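What follows is a set of notes on a single structure, which appears directly below.
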Amino acid sequence: MRIGLIAMSGIRVRDEELVRVGLTLPGFVERSLTIASLPSLGLLTLAALTPAEHQVEYIEMPDIALFDELPDGFDLGAISSYSAQIDEAYELAQRYRERGTKVVIGGPHVTVVPEEALQFCDSVVVGEGEPCWPEVIEDAKAGRLKTVYDARKREYDLAAAPMPAYDLLDIENYNRLTVQTSRGCPHRCEFCAGSILLADHYKQKPIAKVLAEIDKIREIWPHPFIEFADDNSLVNRSYWKELLTAMIPRHLRWFTETDISVAEDEELLTLMRRAGCAQVLIGFESPVVDGLAGLELNNDWKYKRFACYREAIGRIQAHGVTVNGCFVLGLDGHTTAIFDEVYEFVRASELYEVQATVLTPFPGTPLYERLKRDGRLLEPTNWKKCTLFDVNFVPAKMAPEELTRGFRKLIARLYSDEFTAQRRESFKKNLRQFHGEKGGGV
Ligand code: B12
């Protein structure tokens, strides 16, 4: 068979005014351009599990309107999409089906609403792709595709993970490549639409496999920039100390998403820096404690750590690792004062980088269910608004328009030339000071 692996990709923001005020700002543009070029690790992984008798082609589809002529001639189209672009994925699926190509869709969105997806495609894979993909291929070849393949009924061990088919990529098009070390997260934040939608417990890939993936990337890109595609990387410290030690001689630069507990371990921070960590992205979520209560559903983990936010940022950045602090605007505790509060926190904490987003009810999250129950969803199935930048709910302590307007203004302030330059300068100054005090030099 000829199989088209199609990644719906690119960045989405629906609020045109926000695009106008935000997308010209250096801080915003930089991060958008960087992440917009990430490939679909999910599809590269499935490519690796496809028996050699089949031909696979990897295609990125940032906007279906850009393709007058769709890449054609496939027996099977395998589409990967998140919520924000799912409408386009469905349209694409229909266009392929009209040409007689069978279509299977996977990813976190269709995992939550398989029945919706089946109106547009032949088959849906629910949950992680790996345990089902060989069967999907076999069934497609035999002309007997099932409508639903459900991986959640099968335990998948990352020890069985194949080497992603990085060699399918034209490396010239990418400024970062992704490697995954873990799925899931020990915390249960109400709004999280990450890999906990796929994997119900935290699991890690064996270190040897992670290193083999890194080495494979180094064959095509000698000093790569790696983004770990984990929702919360560094929670298992003994695992990471071993991995980091092995990464040091490999001369990498890398970025990852984790939680604030990294700041508790000096040895870990030192190893991170030595192993080439450029930045950690941490979900602080709120600069005021009101927004945090009840947000993490297991034991209010983030609420309990609020008091050490600033000190933790200082400690991580003193190791030469920049912190990208994430704030979610519109949490139930937030009033219209929150916009100034975020700005003030970012200024005072001297965060190098900041990511402000609006609270987004993604399907399948406890947040979505709660807001739906309370009649607070504005357009419950308008998935186009699942961008993290578009308001689609009624906040508890302000009007939706107040959140939209306040957010636009905050974006303009946070990412202005002046404030961005100021934060970067403080980082360098503090680092010089810290190393000066220790008698080192940067
Ligand atoms: C890399 C990444 C991207 C890349 C995606 C590249 C691509 N085409 O896949 C880029 C930069 C393009 C991107 C864009 C966006 N992203 Co993004 N991104 C991530 C990130 C950091 C890692 C994802 C990853 O690589 N996971 C690892 C792979 C192995 O998992 P996977 O893709 O889910 O695939 C597995 C299964 O889902 C399944 N599967 C997936 N597809 C298919 C297809 C088939 C046929 C089958 C059988 C199985 C299958 O099998 C795979 C293996 O098990 C996550 C956050 C995180 N830390 O995880 C956010 C994340 C996925 N992104 C998110 C969001 C919101 C966005 C944007 C909307 C942001 C924006 N405003 O533009 C856009 C999406 C716009 C769009 N085009 O739709 C959310 C998604 C929430 C949701 N449920 O929709 C996440 C979880 C971040 C978050 N915390 O909210 N993103």
Side-chain angles (χ1 to χ4, degrees), residues 3-15 18 31-49 58-63 76-89 93 103-112 121 123-133 135-137 149 151 156 158 161-162 164 174 176-185 189 191-199 205 227-233 255-258 281 283 326 328 355 357-358 360 362-365 368 383-390:
I3 304 170
L5 299 172
I6 305 169
M8 308 307 287
S9 57
I11 293 300
R12 289 286 181 284
V13 181
R14 310 293 171 192
D15 178 353
L18 180 67
R31 174 73 186 146
S32 304
L33 287 179
T34 306
I35 65 167
S37 87
L38 293 174
S40 167
L41 187 58
L43 289 179
L44 296 180
T45 305
L46 299 185
L49 287 173
Y58 174 77
I59 301 152
E60 295 211 4
M61 191 71 65
D63 185 346
L76 180 67
I79 303 179
S80 178
S81 179
Y82 300 118
S83 300
Q85 215 182 347
I86 200 72
D87 290 359
E88 283 181 56
V103 178
V104 50
I105 309 186
H109 183 87
V110 299
T111 287
V112 177
C121 64
S123 202
V124 169
V125 172
V126 169
E128 297 167 285
E130 295 89 339
C132 300
W133 186 242
E135 192 184 331
V136 171
I137 296 288
Y149 294 84
Y156 179 64
L158 286 173
Y174 300 91
R176 288 184 180 196
L177 288 182
T178 39
V179 169
Q180 195 175 41
T181 77
S182 65
R183 287 187 189 162
C185 177
C189 295
F191 53 69
C192 182
S195 59
I196 58 169
L197 295 183
L198 305 168
K205 197 178 278 177
E227 174 148 344
F228 287 106
D230 303 333
D231 284 312
N232 192 349
S233 283
F255 162 100
T256 198
E257 306 190 10
T258 191
L281 181 143
C326 295
V328 176
Q355 184 175 296
T357 56
V358 292
T360 303
F362 285 99
T365 59
Y368 185 89
W383 309 128
K384 281 197 186 75
K385 289 203 166 173
C386 287
T387 61
L388 302 166
F389 297 110
D390 293 277

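In this text the structure is predicted, and so the values were computed from the model without any measurement. In what follows, every heavy atom counts, from backbone to side chain, and hydrogens, waters and symmetry copies are set aside. Each ligand, and each atom within it, is numbered from 1 in the order the structure gives.
At a heavy-atom distance under 4.0 Å, only side-chain atoms of F389, from C-beta outward, approach ligand 1. When non-hydrogen atoms are compared, ligand 1 lies under 4.0 Å from the side chain of Q180 (C-beta onward) but not from its backbone. By the criterion of a heavy-atom distance under 4.0 Å, neither the backbone nor the side chain of S81 is placed next to ligand 1. Contacts of Q85 with ligand 1, taken as heavy-atom pairs under 4.0 Å, involve both backbone and side chain. Contacts with ligand 1 closer than 4.0 Å are made by heavy atoms of both the backbone and the side chain of T387. Only the side chain of R183 comes within 4.0 Å of ligand 1, judged by heavy-atom distances. Of all the heavy atoms of T45, none lies under 4.0 Å from any atom of ligand 1, so neither backbone nor side chain is involved.
At least one heavy atom of G10 lies less than 4.0 angstrom from ligand 1. Using 4.0 Å as the threshold, E88 has no heavy atom nearer than that to any atom of ligand 1. Residue contacts with ligand 1 leave out S195, since none of its heavy atoms falls under 4.0 Å from the ligand. Within the structure, the closest approach of V13 to ligand 1 does not fall below 4.0 Å when heavy atoms are considered. Taking 4.0 Å as the cut-off, H109 does not count as a neighbour of ligand 1 on heavy-atom distance. Residue contact check for ligand 1: P39 places a non-hydrogen atom closer than 4.0 Å to it. Residue contacts with ligand 1 include D230, since one or more of its heavy atoms lies under 4.0 Å from the ligand.
For the pair D63/E88, a side-chain contact is recorded, criterion being any heavy-atom separation below 4.5 Å from C-beta on. The shortest side-chain heavy-atom distance between L177 and E227 does not fall under the 4.5 Å cut-off. Side chains of I3 and I137 form a contact here, defined as non-hydrogen atoms less than 4.5 Å apart. When side chains are defined from C-beta on, T387 does not count as touching V13, because their heavy atoms never get closer than 4.5 Å. P39 places a side-chain heavy atom less than 4.5 Å from the side chain of Y58. Counting only heavy atoms from C-beta outward, the side chains of L198 and R183 never approach each other to under 4.5 Å. The shortest side-chain heavy-atom distance between D15 and F389 does not fall under the 4.5 Å cut-off. With a 4.5 Å cut-off on side-chain heavy atoms, P363 and C386 count as touching.
For ligand 1, the polar-atom distance check finds no N/O of E128 at less than 3.5 Å from any of the ligand's N/O atoms. For ligand 1, the polar-atom distance check against G129 finds a nitrogen or oxygen pair separated by under 3.5 Å. Considering backbone and side-chain atoms alike, E227 places every N or O at 3.5 Å or more from each N or O of ligand 1. Remark: ligand 1 and M8 share an N or O pair separated by less than 3.5 Å (distance only, no angle test). The distance criterion of under 3.5 Å between nitrogen or oxygen atoms is not met by W133 with respect to ligand 1.
Nearest to atom 44 (C) of ligand 1 by heavy-atom distance, out of P363, G106, A161, is G106. Of the listed residues (P131, G107, S123), the one carrying the non-hydrogen atom nearest atom 37 (O) of ligand 1 is G107. Between atom 45 (C) of ligand 1 and the options A78, A89, G42, the minimum heavy-atom separation is to A78.
Close contacts between ligand 1 and I11 involve ligand atoms 72 (O) [criterion: under 4.0 Å to a heavy atom]. Contact atoms of ligand 1 toward L198: 33 (O), 36 (C), 37 (O) (distance under 4.0 Å to a heavy atom of the residue). Proximity to E257 (heavy-atom distance under 4.0 Å) selects the following atoms of ligand 1: 21 (C), 57 (N). Contact atoms of ligand 1 toward L46: 44 (C), 46 (C), 47 (C), 48 (C) (distance under 4.0 Å to a heavy atom of the residue). Interface atoms of ligand 1 facing A229, defined by a heavy-atom separation under 4.0 Å, are 22 (C), 24 (C), 25 (O). For ligand 1, the atoms lying closer than 4.0 Å to a non-hydrogen atom of S40 are 7 (C), 8 (N), 9 (O). Near C386, meaning under 4.0 Å from one of its heavy atoms, ligand 1 places the atoms 68 (C). Contact atoms of ligand 1 toward L38: 1 (C), 6 (C) (distance under 4.0 Å to a heavy atom of the residue).
The aromatic rings of Y368 and W383 sit tilted relative to each other, their planes meeting at an angle between 30° and 60°.
A side-chain donor-acceptor contact under 3.5 Å links D390 to the backbone of R14. Proximity of a side-chain donor or acceptor of N232 to a complementary backbone N or O of C185 within less than 3.5 Å is not detected.
A distance of 5.5 Å separates CD in Q180 from NZ in K205, rounded to the nearest 0.5 Å. Rounded to the nearest 0.5 Å, atoms CG (L5) and OG (S80) are 9.5 Å apart.
Partner of F191 under the side-chain contact (heavy atoms from CB on, under 4.5 Å) criterion, out of T365, T357, L388, V328: V328 alone. Checking I86, I79, V125, V104 one by one against V110, the side-chain contact (heavy atoms from CB on, under 4.5 Å) holds for a single residue, I86.
Across all non-hydrogen atoms, the minimal contact from G184 to S195 is N-OG, 2.9 Å.
In this structure, Y82 has no ring pair (Phe, Tyr, Trp, His ring centres under 6.0 Å) partners at least two apart in sequence or on a different chain.
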